[in-house]
Amino acid sequence: MRAIVLLCLLQAALIQAVRYPWGGPGNTGTTDPNTENVCLTDQASCGCCLMQQQVHRMKEFFNMSLSELEKELTKTKTVLNNVRASRSAFSVALTNQAKLECFGPFRDDKLIRYQHVFINLGDGYDLNTGIFTVPRSGVYSLALTVYSDAGSPGNSLAACAGLLVNGQVVAGPRERNMQDQEDSATIVLAVHLKAGDKVAVNLPIGCFLCDDSSHYNTFTGFLLYATD
């Protein structure tokens with residue numbers, strides 16, 4: 001393969017030597033008188049010099065092209081690394097137990113620690129605290145589904161929760177009645193969050209949620225696009 005490339009370079013150099021004067025295309029300088037004399041007395045040496053000049057120019061051209069390609073590759077890798085670093089998505093469920101279990105009611109508000117993880121890309125969601133820490137500023141999609149079962153007709157149903165951003169409720173379904181034995185609700189919203197913001201779900205006083213391996217209660221969030 002190297003021999004073929006060398007032959008091609010030599011052929012190109014010979015063609016250039018025939019088509020252009022001593023210095024080749026783009027050479028505005030004057031030739032060395034000593035080299036001219038050599039050309040007049042030794043045409044073989046003259047052809048060799050011309051080939052060396054063309055090979056040198058080709059090397060410079062290829063080196064410059066390779067350098068530009070390496071710069072573009074570096075830029076592309078940087079962009080790709082930034083994209084990978086900005087990927088953030090989580091989706092969790094309250095539990096994965098075979099038997100239906102209820103969380104609550106409590107005398108105080110409590111953060112819900114969702115224990116079953118579908119995906120936690122970027123490790124932004126903390127299983128120990130139930131808090132999602134925003135890794136990068138941007139617009140995020142957040143979704144919350146709640147479900148509760150009163151146990152039997154006539155019992156009080158209190159399916160409610162609050163979606164918190166830095167401890168402040170931004171949205172939340174709430175269903176309190178004695179007409180339904182079971183009920184569910186879902187909210188989906190897009191919010192602008194800053195890096196370091198804390199997103200969690202709060203269970204208000206007196207409310208309770210029930211779940212099993214069917215995953216009726218879920219909490220999901222992902223980055224739509226970054227803004228920094």
Side-chain angles (χ1 to χ4, degrees), residues 84-136 138-224:
R84 287 174 174 170
S86 68
R87 289 186 303 180
S88 178
F90 73 96
S91 186
V92 291
L94 188 59
T95 184
N96 196 37
Q97 300 297 321
K99 184 180 178 181
L100 188 70
E101 296 181 354
C102 294
F103 179 74
F106 302 106
R107 294 182 178 180
D108 299 308
D109 290 1
K110 283 188 178 294
L111 290 183
I112 301 174
R113 292 187 298 164
Y114 294 85
Q115 293 301 298
H116 180 71
V117 177
F118 297 107
I119 186 174
N120 191 16
L121 190 61
D123 296 323
Y125 179 78
D126 189 343
L127 277 171
N128 296 319
T129 62
I131 297 174
F132 169 66
T133 302
V134 177
R136 186 172 184 178
V139 176
Y140 286 76
S141 174
L142 300 175
L144 173 64
T145 296
V146 298
Y147 166 85
S148 189
D149 188 339
S152 61
N155 289 346
S156 296
L157 178 70
C160 37
L163 181 61
L164 308 180
V165 175
N166 296 327
Q168 300 298 315
V169 178
V170 295
R174 183 176 298 271
E175 182 65 35
R176 290 176 179 267
N177 63 63
M178 298 182 64
Q179 289 75 42
D180 300 325
Q181 178 180 334
E182 55 183 327
D183 208 344
S184 64
T186 299
I187 57 170
V188 179
L189 64 159
V191 293
H192 185 267
L193 301 174
K194 296 180 180 179
D197 283 349
K198 307 293 184 181
V199 182
V201 179
N202 178 59
L203 184 72
I205 298 174
C207 297
F208 62 97
L209 304 177
C210 303
D211 206 357
D212 58 20
S213 57
S214 295
H215 308 307
Y216 302 117
N217 290 275
T218 58
F219 177 33
T220 299
F222 57 89
L223 176 64
L224 292 172

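Below, each value reflects all heavy atoms present in this structure, side chains not excepted, and no hydrogens, waters or symmetry copies. For this chain, numbers begin at 1 and follow the sequence in order.
How far CD1 of Ile131 is from CZ of Arg113: 11.0 Å, rounded to the nearest 0.5 Å. Between the CG atom in Leu209 and the SG atom in Cys160 there is a gap of 7.5 Å [rounded to 0.5 Å]. Interatomic distance, OG1 of Thr220 versus CZ of Phe132, reported as 11.0 Å (0.5 Å rounding). Taking CG of Asp149 as the reference point, atom CD of Gln181 lies at 5.0 Å (rounded to 0.5 Å). Once rounded to the nearest 0.5 Å, the distance linking CZ of Arg174 with SG of Cys207 reads 5.5 Å. Atoms CZ and OH, on Phe222 and Tyr140 in that order, are 11.5 Å from each other to the nearest 0.5 Å.
Taking 4.5 Å as the limit, every side-chain heavy atom of Ile112 sits out of range of all side-chain heavy atoms of Asn202. With a 4.5 Å cut-off on side-chain heavy atoms, Asn96 and His215 count as touching. For the pair Asp123 and Tyr125, the minimum side-chain heavy-atom distance is 4.5 Å or more. Side-chain atoms of Thr186 and Thr218, non-hydrogen and from C-beta on, never get closer than 4.5 Å to each other. Looking at Leu127 and Asn120, their side chains never come closer than 4.5 Å, going by heavy atoms from C-beta outward.
The shortest non-hydrogen separation linking Ala161 to Pro204 is CA-CD, 3.8 Å. Between Ile187 and Gly172, the shortest heavy-atom contact is CD1-N, 3.8 Å. When all heavy atoms are compared, the tightest approach of Ala150 to Ser156 is CB-O, 3.7 Å. In plain terms, the two heavy atoms of Cys210 and Asn217 that are nearest each other are O-ND2, 2.7 Å. Summarising the geometry of Gly130 relative to Ala200, their closest heavy-atom pair is O-CB, 3.8 Å, with the distance given to 0.1 Å. Contact detail for Leu144 and Pro173: the closest heavy-atom pair is CD2-CD, 4.1 Å.
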Handout entry: Audit row: Val117, Phe90, side-chain contact (heavy atoms from CB on, under 4.5 Å) steps and yes/no
Key = CA-CA 8 Å; Val117 177; Phe90 73 96; over 6 Å; no
Practice task
Take Thr133 and Lys198 through the side-chain contact (heavy atoms from CB on, under 4.5 Å) test and state the conclusion after the steps.
Solution key: CA-CA 5 Å; Thr133 302; Lys198 307 293 184 181; 3.0 Å; yes
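Between the side chain of Ser91 and the backbone N or O of Ile119 there is no donor-acceptor pair closer than 3.5 Å.
Looking at Leu224, Asp197, Val139 one by one, the single match for side-chain contact (heavy atoms from CB on, under 4.5 Å) with His192 turns out to be Val139. The side-chain contact (heavy atoms from CB on, under 4.5 Å) test with Leu111 is passed by exactly one of Val201, Thr129, Leu203, Leu164: Leu164. Put simply, the residue from Tyr114, Tyr147, Tyr216 that forms a side-chain contact (heavy atoms from CB on, under 4.5 Å) with Leu94 is Tyr114.
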Would you be so kind as to tabulate the donor-acceptor pairs closer than 3.5 Å made by side chains of residues 97-107, with sequence neighbours excluded?
none

